[in-house]
Every structure is written in structure tokens, then in C-alpha cells.
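For reference, the structure is listed below as C-alpha cells.
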Amino acid sequence: MHVLITGGAGFIGSHLAEALLARGDSVAVLDDLSTGNFEHIAHLRPNPAFSFAIESVRNALVLDRLASEADAIVHLAAAVGVQLVVEKPTETIETNVLGTDAVLKAARRYRCRTLIASTSEVYGKSAEIPFHEEGDLLLGPSSRSRWGYAASKLLDEFLGLAAHREFGLPVTITRFFNTVGPRQTGRYGMVVPRFVRQGLTGAPLTVYGDGQQSRCFCHVADVVQALLSLLDKPESTAGQIYNIGSNRETSINQLAQLVIDHTDSASRIEYLAYSEAYAPGFEDMRRRVPDIRKIHDAIGWTPTHTLEEILDSVIEYERRRLGNGERGTGIG
Ligand code: UDP
């Protein structure tokens, strides 16, 4: 199978590219390197089954050519990270909505199997824990930039599902929960690489709010396995939405302590108000837990990596980067 990965130089995309090549598929990556990093895919260049284009997903000509060669498209290119979303709301909405629109139009032209990445952000402030794919979505007011991200990804979902219903395109929507692992950058707000960097450099671990908010962290290798299986099952999974994530809940306080323990760090924990960390009026989710029965029933998937394994893999990766001379500012 020839797979086009938009956002393929990103964190999840580069791991997916490696896994597809390892099982004998060929891969084209389309990435404008806005948040992706060429280093993540540079080692794949000698492989004749691998190609890339550094270009925006919104370049219709390039997208058309790449889609015409592809059996499947995994659309991961998006504005990501809470910090970026709050700082650049216009770019976030345009990248997400216009990017997905462009991908779906190209996919329709060549009848590509298509996976569209969405996010647990779409559940918003829902208190119906665990979040089920058919549950109601509860977004905050449009005066808060954060919700623009959720709304843009939700529109992506509607566009994808509409392409399936109206034109029979085999589209599947994946709602990613907190995905972590080597290569994730902390530059745009992701908590695990930030804490690990802080722990390794002896800087204080910056916990936002009271630290009692919780998340479920899933290893990127598990997420990639789910994507591979979904790609292979268009008949049973087209037109469907699937949560992909771990359902082991960890508070941010617990996470900070685990990082300190696993990095053998003398760092202390420092509490920062949300208004200082993001913007005044920022709203955070207290809990975010996926119901993962649907994807388990569809493809037999469950996450296999523990949080401790995840942290050790991130710590090893960040240690190597720091050893290579990168300066540890705490925001890797
Ligand atoms: N967080 C934190 N310190 C940081 C970065 C994030 O305490 O340096 C918190 C953040 O407020 C949230 C949780 O960690 O409650 C997860 O944040 P992340 O940005 O990784 O993911 P998301 O908010 O999208 O779940």
C-alpha cells in the first residue's frame, strides 16, 4: 500500500512513517515543518519506498499529485498544542479546516482510503466520563480562543463524515487523547516533554493550576498500531469515529512526582496559575478519559505501554538530545 501522511514530519506522523515502511508499505510525507521537524524523517531518506515534500497541505497542486499516487491518506497535519492555539487562533482555524477540506477533495478525486485525525478536545467540558464517541460535546464560549481549536477539529470531523455519507469515501475519524513518547516537543505546551526537560536540567517542574486535573497518557507506538489496523480495515471502520488513548488516569501532580523520581532529579514542583501560564480566563479540563471499547471491538486494540515505560522512553530521548548539546530551557 502507498500511504500519504500529511504532517508526516511531526511527532505521530514520523513514527507512523517508520512503522509503515517497516511492514513493507511505501510512504510519502507532506509537511510544511511548521511544527514538524525534518530531523524526525531525515533517517528515512535512503529508503527507496520513502519520499517527502516540504509544502503546506493547502497547496492543492502538490496535494493532488501526492493523492493521485496514494492508496491511502492519513491526515495528521494540523495546528497542535494548546499554547499555539491560544497564541495563533486564526492560523489554527485556517490550517485545520482548510487543510482537511483540501485533503478530502483530493481523496475524493482518487478514492483514497482516508483517516482524519481529530482530538479529545472536541469533548470540551463534558463531564460524562469516560468520553464515548456518541456522547454530547460541550464546548465553552467563542470568546475563549481555546475552543476555536475544538470547533475547527469538529468541523473536520463533520467534513470527513459528510464525504463518507455523500460520496462513499472510506473515511475514518480518530480522536486522539494525550499521546506521548520520544520526539514530542514541549514547545507548544505538551506536559510530558516539558516536565522531563525540567527534571533533567534541574529546573522547577511547572504545574499549572492545582495539579489535581488528570489526563490519560498513551504511548505513540500504541497509537501507531491503532492507525495501522484501522488503515487495513476500511470496510468495517469507514464512516466511524474512534477514541484512541489510554484509560489509565494520572493527575498532573502524580505525573510531576513520577518524572522527578524517574529522572532522579533534585527539581522541585512550582505551581503556576492558568492565567500566568496561558491567558486570562483560560479554561482547563479537569479530567479527560476515553471510553475505548469501540476501537477494541472493531480491531481488538488496547494500549500496551505503562506510564512508567512511556516516561523512561521520553527520558532516554531527551537525555540524548541534551547530551547532543541542546540547551535545556525546560521547553524542549
Ligand atoms: N500542564 C502543566 N504544566 C506544563 C504544561 C501543561 O501543568 O508545563 C498541564 C495542563 O494545564 C493540562 C495538562 O498538564 O492540565 C496536560 O496538558 P497538555 O498541554 O500536555 O495537554 P492537554 O491540555 O491538551 O490535555
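All ligand and atom numbering here is 1-based and tracks the order in the structure.
- The shortest N/O to N/O separation between Val191 and ligand 1 falls below 3.5 Å.
- Contacts between Phe176 and ligand 1 below 4.0 angstrom, taking non-hydrogen atoms only, are absent altogether.
- Protein heavy atom closest to atom 13 (C) of ligand 1, with residue, atom name and distance, is Ile252 CD1, 3.6 Å.
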Donor-acceptor pairs under 3.5 Å, side chain of residues 160-167 to any protein atom, not counting sequence neighbours: which ones?
from: His164; atom 1: ND1; to: Leu169; atom 2: O; distance (Å): 3.0

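- Between the side chains of Asp261 and Gln257, a donor-acceptor pair is found at a separation under 3.5 Å.
- Atom 15 (O) of ligand 1 has its closest protein heavy atom at Asp284 OD2, 2.7 Å.
- Distances below 4.0 Å separate heavy atoms of Arg215 from the following atoms of ligand 1: 12 (C), 15 (O), 16 (C), 22 (P), 23 (O), 25 (O).
- Taking a cut-off of under 4.0 Å to the non-hydrogen atoms of Gly189, the atoms of ligand 1 that pass are 5 (C), 6 (C), 18 (P), 19 (O), 20 (O).
- Residue Tyr188 places no heavy atom under 4.0 Å from ligand 1.
- Both Ile5 and Ile244 are part of a single hydrophobic cluster, where members link through side-chain heavy atoms under 4.5 Å apart.
- Side-chain contact check for Asp297 and Tyr242: no donor-acceptor pair (N or O, by modelled atom type) lies under 3.5 Å.
- Annotation: atom 10 (C) of ligand 1 to nearest protein heavy atom, Tyr278 OH, 3.8 Å.
- In this structure, Gln198 contributes its side chain and Thr206 its backbone to a donor-acceptor pair below 3.5 Å.
- Against a heavy-atom cut-off of under 4.0 Å, Arg288 is close to the following atoms of ligand 1: 22 (P), 24 (O), 25 (O).
- Take His15 and apply the ring-ring contact (aromatic ring centres under 6.0 Å, His included) test, not counting sequence neighbours, and it matches Phe11.
- Checking each of Val180, Thr263, Leu258 against Leu311 for a side chain to side chain contact (heavy atoms under 4.5 Å, CB included) leaves exactly one that passes, namely Leu258.
- Closest approach of Pro303 and Cys218 over heavy atoms only: CB-SG, 4.1 Å.
- Contact atoms of ligand 1 toward Thr206: 2 (C), 3 (N), 4 (C), 7 (O), 8 (O) (distance under 4.0 Å to a heavy atom of the residue).
- Here's the thing with Arg194: one of its N/O atoms is less than 3.5 angstrom from an N/O atom of ligand 1.
- Within ligand 1, the atoms closer than 4.0 Å to a non-hydrogen atom of Val207 are 7 (O), numbered from 1 in the order shown.
- Remark: ligand 1 atoms within the under-4.0 Å shell around heavy atoms of Tyr274 are 11 (O).
- Shown in contact with Asn178 at under 4.0 Å from a heavy atom are these atoms of ligand 1, numbered in order with element: 21 (O), 22 (P), 25 (O).
- A salt bridge links Arg321 with Glu318: the distance from a Lys NZ or Arg NE/NH1/NH2 to an Asp or Glu carboxylate oxygen falls below 4.0 Å.
- Remark: Arg175 qualifies as a cation-pi partner of Tyr123 under the 6.0 Å distance and 45° angle criteria applied to the six-membered ring.
- Close approach of ligand 1 to Arg146 (heavy-atom distance below 4.0 Å) involves ligand atoms 23 (O).
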Would Arg146 and Asp284 count as a salt bridge (Lys or Arg N to Asp or Glu O under 4.0 Å) if you check the C-alpha gap in whole Å, the side-chain angles of each, and the deciding distance to 0.1 Å?
-> CA-CA 9 Å; Arg146 171 174 201 151; Asp284 196 19; 3.5 Å; yes
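- Scanning the protein for heavy atoms near atom 9 (C) of ligand 1, the closest one is Gln213 NE2, 4.0 Å.
- Nearest non-hydrogen protein atom to atom 7 (O) of ligand 1 is Tyr208 N, 2.8 Å.
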